[in-house]
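A note on names: the letters A, B, ... follow the listed sequences, proteins ahead of strands, and every chain is numbered from 1. Side chains included, hydrogens not; waters and symmetry mates left out as well; all remaining heavy atoms used.
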Amino acid sequence: MNALALLRERFHPALAALAEDLAAPLQIESLLEMVKPSGEAKFGDYQANFAMPLGATLKQPPREVAARVVEMVDLADVCEPPEVAGPGFINLTLRTDWLIAQLAAATTDERLGIAPAADAKTYVIDYSAPNVAKPMHVGHIRSTVIGDALARTLRFLGHRVIGDNHIGDWGTQFGMIIYGYKNFLDPAAFESSAVTELARLYRLVNTLVDFHKLPGQITAAEENLARLEEQLATAAAEPESSDKKEAQKQAKARRRLESQRDESHAELTALTAKREAVSADEELAAQAAAHPDIGTRVLEETAALHAGDAENLKLWKEFLPPCLEDIERIYSRLDVTFDHTLGESFYHDRLAPVVDDLKTKGIAVESDGAMCVFNEGQDAPMIVQKQDGAFLYATTDLATIEYRAETWQPDAILYVVDHRQSLHFEQLFATVRRWGYDQVELVHVKFGTVLGEDGRPFKTRSGDTVGLDGLLDEAIERAYRVVAENDDAKPDGAEWSEADRRRIAEVVGIAALKYADLSQNRESDYVFSYDKMLAMNGNTATYMQYAYARVRNIFARGSVDVEQLRDDGGALVVAEAAERALALELLRFSEALEETVADYRPNHLTGYLFELANRYSTFYNECPVLKAADEATRRSRLLLCDLTARTLQTGLSLLGINTVEKM
RNA sequence: GCCCCGGUAGCUCAGUUGGAUUAGAGCAGCUGACUUCUAAUCAGCAGGUCGCAGGUUCGAAUCCUGCCCGGGGUGCCA
């Protein structure tokens with residue numbers, strides 16, 4: 001039961017009645033949105049704030065308007081008599097018997113009293129999308145985890161969800177592997193582990209390609225640095241303007257130049273270090289010398305693959321399965337699944353027809369030899385075909401939308417992708433609407449960059465991106481230490497086997513990693529920290545898992561047959577403040593889910609679960625369950641415990657997070 | 001240059017799309033509570049000019065304008 005939705009429903013007729021007296025139509029829906037949970041408990045459970053703006057429209061004192069609404073609205077079965085307070089707030093307190101009735105219904109309901117969406121929609125969710133030619137790294141975690149959580153939540157709410165992993169399986173990276181295979185293969189290594197050898201080949205070829213680009217880049221950087229130094233010298237020599245504003249501008253320009261200079265200097269240092277690293281490695285240096293044109297050769301291999309070259313296609317078909325197996329291994333560790341994995345290669349044959357169609361419809365036009373789509377209000381065009389005839393990812397994205405629309409007729413497509421691609425999606429969506437797919441809702445579910453604790457994009461000490469496998473290992477290892485420490489510290493001595501500890505650490509570690517990401521507002525950059533992530537308190541998965549385990553332990557200790565308890569029903573008693581606070585929070589699960597899905601923000605769900613676990617902890621401390629004063633109280637509290645456990649478990653599962661019975 | 005995002009407690013962040021002269025959490029700091037159903041917990045204290053300046057109205061962290069600071073993007077990478 002969604003109490004908020006019910007209250008809004010109840011207010012509707014009253015507002016409609018007021019609207020009749022009015023010439024201009026009232027925005028009833030937007031007024032109803034002003035019914036919301038109270039900010040403070042002393043103002044009741046919910047509050048209706050529409051009397052103030054309504055008073056202005058009706059040209060009547062808001063308090064009088066509020067009083068008239070209270071007179072007309074029928075809430076007697078749900079709420080205590082509403083109170084008008086302050087300038088015209090209507091404060092609502094749920095009747096305890098009503099609250100109890102809702103929760104009683106939830107105890108025997110598999111869905112915890114949450115009705116499936118009346119208007120079920122079809123969603124395609126595009127998430128994870130790694131490049132499969134190289135190992136997954138920290139940059140993939142957000143898309144994967146957020147996308148998975150949204151898929152699970154929407155599905156639970158009764159929508160049809162199609163999870164599609166749009167992998168990169170057709171780009172230059174495969175050209176690199178093919179080139180590497182033809183020139184640097186270690187057959188024995190390939191035999192024993194194809195993925196490992198392919199990853200090595202990718203890294204090697206990538207290093208060599210980069211190496212040969214270095215001289216040009218270093219020259220450019222040197223020139224840039226020299227130019228900046230010169231500009232800086234000129235600026236420094238300039239006399240300070242007597243005009244205050246002008247002087248400020250000068251100072252600002254100088255600061256800007258200085259920071260650009262520092263940046264340029266750092267870049268030059270990094271490039272030089274890269275060159276040194278290769279030169280210092282005898283074997284690598286020899287390989288570099290033997291393959292001076294490796295950059296263009298790689299592009300040729302890629303082009304040959306795209307053109308249908310038999311050998312390259314054969315190699316590609318051979319490489320793909322182990323690459324897919326490798327990412328699948330990570331997904332299984334993360335417990336993330338997809339309904340489809342349709343990568344770039346799947347759309348290869350559709351690209352030329354897409355461009356033709358855009359051309360025919362006059363949407364794409366030639367400009368500087370490239371096929372471009374110019375959209376209103378965007379100064380840069382979206383390029384769908386390069387001068388050399390090659391297609392781009394914009395082209396693939398268009399073909400993908402066409403396929404998805406034809407195949408699944410979705411109401412919405414969600415792209416869980418880095419916010420740095422915002423412009424690309426603006427262009428893509430604008431083009432798609434002109435192209436004719438204007439019924440499907442296209443949403444860029446954007447998220448921020450994963451940063452290290454220094455505020456720079458998260459890298460290892462040596463400057464490499466952090467592999468996802470290692471990240472998971474580290475999270476689990478740290479969780480293990482915490483688990484072991486807590487087990488050893490038990491008053492009656494450690495109670496778990498090594499296998500128990502490992503199993504719990506796995507669940508807790510992965511959960512911590514996912515939760516740290518999901519609990520953050522997805523749009524802001526996310527500072528990655530193992531320490532914060534695995535902190536044992538605060539707004540963490542561990543805290544919720546612990547609350548869950550404590551409930552389960554009560555049932556174990558008391559040898560309570562939960563099934564029997566639910567079936568027997570029995571009256572809930574909400575007497576203590578902590579009991580009522582917990583009961584009310586349990587009822588709000590449905591609101592939290594709606595809020596989460598409204599703009600695709602899992603942090604609303606994590607926030608709710610934290611609040612719930614918090615209230616449970618207070619309840620746990622203040623209200624004895626097994627040793628309750630009387631049998632009725634004991635039964636009632638057991639039911640509250642059971643509902644809490646199920647809500648926590650369900651909520652966490654919608655985030656892709658598992659629970660353990662003991663921890 | 002232009003476009004987008006952000007600036008909230010020492011640190012990391014919430015803030016339900018304008019609500020209650022009292023802006024919330026968690027870390028970190030300080031006080032208390034384990035012979036008790038798991039202290040991976042709870043109760044409490046302290047900590048803020050919500051970047052700055054104007055404006056809009058009954059009411060602004062939230063909306064508008066200008067400015068300051070940071071990040072990202074910006075015609076043939078993805």
Side-chain angles (χ1 to χ4, degrees), chain A residues 4 33-34 36-40 42-43 47 49 52-53 55-56 62 85-89 91 129 131 168 171-172 248 252 255 344 367-372 377-388 390 392-394 396-397 417-424 426 446 448-449 451 453 455 482-483 485-486 489-491 508 519-521 523-527 529 531-532 535-540 542-543 545-547 549-558 591-592 594-595 598-599 601 603-604 606-607 610-611 614 617-618 620-628 637 641 662-663:
Chain A
L4 185 55
E33 274 174 28
M34 301 181 78
K36 48 182 67 176
S38 290
E40 284 187 68
K42 70 175 175 187
F43 297 130
Q47 58 182 217
N49 300 341
M52 282 78 80
F89 294 99
N91 290 338
N131 198 305
T172 314
Q248 248 179 16
K252 185 184 167 185
R255 277 202 307 276
E344 291 170 339
S367 169
D368 291 341
M371 289 308 297
C372 298
Q378 294 168 358
D379 40 5
M382 183 173 78
I383 298 174
V384 294
Q385 189 171 19
K386 300 200 287 183
Q387 283 175 334
D388 65 5
L392 298 100
Y393 75 127
T396 311
D397 278 351
V417 179
D418 196 304
H419 74 285
R420 282 173 292 199
Q421 292 194 37
S422 294
L423 178 59
H424 165 67
E426 279 170 36
K446 56 186 95 168
T449 312
L451 304 176
E453 290 184 71
V482 176
V483 170
E485 200 177 297
N486 278 288
K490 280 179 186 156
V508 171
S519 59
Q520 191 105 180
N521 179 340
E523 290 198 44
S524 41
D525 286 346
Y526 157 47
V527 177
S529 155
D531 290 335
K532 285 197 185 90
M536 295 173 292
N537 39 25
N539 186 4
T540 61
T542 315
Y543 179 76
Q545 289 171 320
Y546 181 67
R550 288 209 293 188
V551 178
R552 301 300 301 167
N553 197 51
I554 289 179
F555 289 118
R557 274 295 170 96
E591 289 168 30
E594 288 304 328
E595 216 176 275
D599 51 0
R601 291 183 193 278
N603 67 311
H604 284 142
T606 64
F610 178 54
E611 187 66 31
N614 216 305
S617 292
T618 303
Y620 184 92
N621 264 50
E622 291 178 9
C623 304
V625 179
L626 294 175
K627 291 168 188 161
R637 288 182 179 169
C641 283
K662 283 172 181 262
M663 64 185 281

Inset, instruction - Verify the contact: side-chain N or O of A:Arg550 to OP1 or OP2 of B:A40, cut-off strictly under 4.0 Å; return yes or no. - result: no

Legend entry - Separation between the P atoms of B:G26 and B:G44, rounded to whole Å: 11 Å

Inset, instruction - Would you please confirm or rule out a distance under 4.0 Å between OP1 or OP2 of B:A43 and any side-chain N or O of A:Thr618? - result: yes

Legend entry - A:His604 NE2 - B:G24 C1' separation (whole Å): 14 Å

Inset, instruction - In whole angstrom, give me the gap between the P atoms of B:C63 and B:G7. - result: 11 Å

Inset, instruction - Of all the heavy-atom pairs spanning A:Thr606 and A:Asn539, show the shortest one and how long it is. - result: O-OD1, 4.1 Å

Inset, instruction - Evaluate whether the aromatic ring of A:Tyr543 and the six-membered ring of the B:A40 base sit under 5.5 Å apart, centre to centre, with an inclination under 30°. - result: no

Inset, instruction - With P as the reference atom in both, quote the distance from B:G51 to B:G15 in angstrom, rounded to an integer. - result: 15 Å

Legend entry - Length of the CD-P vector between A:Glu523 and B:G72, whole Å: 17 Å

Legend entry - Nearest-neighbour nucleotide for the A:Leu423 side chain, B:A40, B:G19, B:G73 considered: B:G73

Inset, instruction - Using modelled atom types only, decide if a donor and an acceptor are shared between the side chain of A:Gln378 and the backbone of A:Glu426 within a distance under 3.5 Å. - result: yes

Inset, instruction - Taking only the side-chain nitrogens and oxygens of A:Ser38, find out if one of them lies under 4.0 Å from OP1 or OP2 of B:A20. - result: no

Legend entry - Candidate nucleotides B:U17, B:A40, B:A39, ranked by approach to the side chain of A:Lys36 - the nearest: B:U17

Inset, instruction - Select base, sugar-phosphate, or nothing to describe what A:Tyr620 touches, counting heavy atoms under 4.0 Å on all strands. - result: base

Inset, instruction - Assign A:Ala547 to base, sugar-phosphate, or nothing according to its heavy-atom contacts below 4.0 angstrom with the strands shown. - result: nothing

Inset, instruction - Compare side-chain N and O positions of A:Lys490 against OP1 and OP2 of B:U38 and report whether any pair is under 4.0 Å apart. - result: no

Legend entry - Whole-angstrom distance between B:C27 and B:G19, as gauged at atom C1': 30 Å

Legend entry - Nucleotide B:G6, atom P - distance to CD of A:Gln520 in whole Å: 14 Å

Inset, instruction - Figure out the NZ/P separation between A:Lys627 and B:U35, and round it to whole Å. - result: 13 Å

Legend entry - Distance in Å, A:His604 NE2 paired with A:Asn521 CG, rounded so as to fall on 0.5 Å steps: 7.5 Å

Inset, instruction - Taking the side chain as every heavy atom from C-beta outward, state whether A:Leu392 and A:Met382 have any atom pair closer than 4.5 Å. - result: no

Legend entry - Distance (rounded to the nearest 0.5 Å) between A:Arg637 CZ and A:Ile554 CD1: 10.5 Å

Inset, instruction - With C1' as the reference atom in both, quote the distance from B:U8 to B:U49 in angstrom, rounded to an integer. - result: 12 Å

Inset, instruction - Check every strand shown and say whether A:Met382 touches a base, only sugar-phosphate, or nothing at a heavy-atom separation below 4.0 Å. - result: nothing

Legend entry - Centroid under 5.5 Å and tilt under 30°, A:Phe89 to B:A20: yes

Legend entry - Gap between atoms CD and C1', on A:Glu485 and B:A39 respectively (whole Å): 14 Å

Legend entry - Spacing of OG1 belonging to A:Thr449 relative to CG belonging to A:Asp418, to within rounding of 0.5 Å: 5.0 Å

Legend entry - A:Asn521 side-chain N/O to B:G15 phosphate OP1/OP2 under 4.0 Å: yes

Taking only N/O atoms, report every protein-nucleotides 75-78 of chain B pair under 3.5 Å with atom names and distance.
{"from": "B:G75", "atom 1": "N1", "to": "A:Ser367", "atom 2": "OG", "distance (Å)": "2.8"}
{"from": "B:G75", "atom 1": "N2", "to": "A:Ser367", "atom 2": "O", "distance (Å)": "3.1"}
{"from": "B:G75", "atom 1": "N2", "to": "A:Ser367", "atom 2": "OG", "distance (Å)": "3.1"}
{"from": "B:C76", "atom 1": "O2", "to": "A:Gln387", "atom 2": "N", "distance (Å)": "3.0"}
{"from": "B:C76", "atom 1": "N4", "to": "A:Asp368", "atom 2": "O", "distance (Å)": "2.9"}
{"from": "B:C76", "atom 1": "N4", "to": "A:Gln387", "atom 2": "NE2", "distance (Å)": "3.3"}
{"from": "B:C77", "atom 1": "OP2", "to": "A:Lys386", "atom 2": "NZ", "distance (Å)": "2.4"}
{"from": "B:A78", "atom 1": "OP2", "to": "A:Tyr393", "atom 2": "N", "distance (Å)": "3.4"}
{"from": "B:A78", "atom 1": "O3'", "to": "A:Glu344", "atom 2": "OE2", "distance (Å)": "3.2"}
{"from": "B:A78", "atom 1": "N7", "to": "A:Tyr393", "atom 2": "OH", "distance (Å)": "3.1"}
{"from": "B:A78", "atom 1": "N6", "to": "A:Tyr393", "atom 2": "OH", "distance (Å)": "2.6"}

Inset, instruction - Would you mind telling me which of B:C42, B:C37, B:G71 lies closest to the side-chain atoms of A:Asn553? - result: B:C37

Inset, instruction - Indicate, with a heavy-atom threshold strictly under 4.0 Å, whether A:Asn91 touches base, sugar-phosphate, or nothing. - result: base

Legend entry - Nearest heavy-atom neighbours spanning A:Tyr543 and A:Gly538: CB-O, 3.3 Å

Inset, instruction - Specify the glycosidic conformation (syn or anti) of B:U74, with syn defined as within 90° of 0. - result: anti

Legend entry - Rounded distance (Å) that lies between atom P of B:G73 and atom CD of A:Gln378: 17 Å

Legend entry - Inter-nucleotide C1' distance (B:A46, B:C30), Å rounded: 7 Å

Inset, instruction - Select base, sugar-phosphate, or nothing to describe what A:Ala390 touches, counting heavy atoms under 4.0 Å on all strands. - result: nothing

Inset, instruction - Mind telling me if B:C50 is syn or anti? Syn here is a glycosidic angle within 90° of 0. - result: anti

Legend entry - Separation of the P atoms in B:G47 and B:A40, to the nearest angstrom: 30 Å

Inset, instruction - Please figure out whether A:Pro624 or A:Gly86 has its closest RNA chain B nucleotide nearer the 5' end. - result: A:Gly86

Inset, instruction - Between B:C5 and B:G48, how far apart are the C1' atoms? Round to whole Å, please. - result: 24 Å

Legend entry - Euclidean distance, A:Asn553 CG relative to A:Met663 CE, rounded to 0.5 Å: 12.0 Å

Inset, instruction - Kindly check if the number of other-residue, nucleotide or ligand heavy atoms within 6.0 Å of NZ (A:Lys490) is above 12? - result: yes

Inset, instruction - Indicate, with a heavy-atom threshold strictly under 4.0 Å, whether A:Pro62 touches base, sugar-phosphate, or nothing. - result: nothing

Inset, instruction - Would you please enumerate the stems RNA chain B participates in, each stem being three or more consecutive Watson-Crick or G-U wobble pairs with both distances under 3.5 Å? - result: B:1-7 with B:68-74, B:10-13 with B:24-27, B:29-33 with B:41-45, B:51-55 with B:63-67

Legend entry - Distance in Å, A:Glu33 CD paired with A:Asn49 CG, rounded so as to fall on 0.5 Å steps: 12.5 Å

Legend entry - salt_bridge(A:Arg601, A:Glu523) N-O dist < 4.0 Å: yes

Inset, instruction - Kindly say whether A:Phe43 contributes a backbone atom to a donor-acceptor pair with the side chain of A:Ser38 at under 3.5 angstrom? - result: yes

Inset, instruction - Provide, to the nearest angstrom, the distance between the CG atom belonging to A:Asn486 and the C1' atom belonging to B:U38. - result: 10 Å

Inset, instruction - Would you indicate what A:Ser617 reaches in the nucleic acid, counting non-hydrogen atoms under 4.0 angstrom: base, sugar-phosphate, or nothing? - result: sugar-phosphate

Inset, instruction - Calculate, to the nearest 0.5 Å, the distance between atoms SG and CD1 belonging to A:Cys372 and A:Ile383 respectively. - result: 4.5 Å

Legend entry - Position toward the 5' end of RNA chain B (nearest nucleotide), A:Glu33 or A:Asn621: A:Glu33

Inset, instruction - Answer with base, sugar-phosphate or nothing: what part of the nucleic acid does A:Asp599 contact at a heavy-atom distance below 4.0 Å? - result: base

Legend entry - A:Arg557 CZ to B:U36 P, straight-line distance once rounded to whole Å: 10 Å

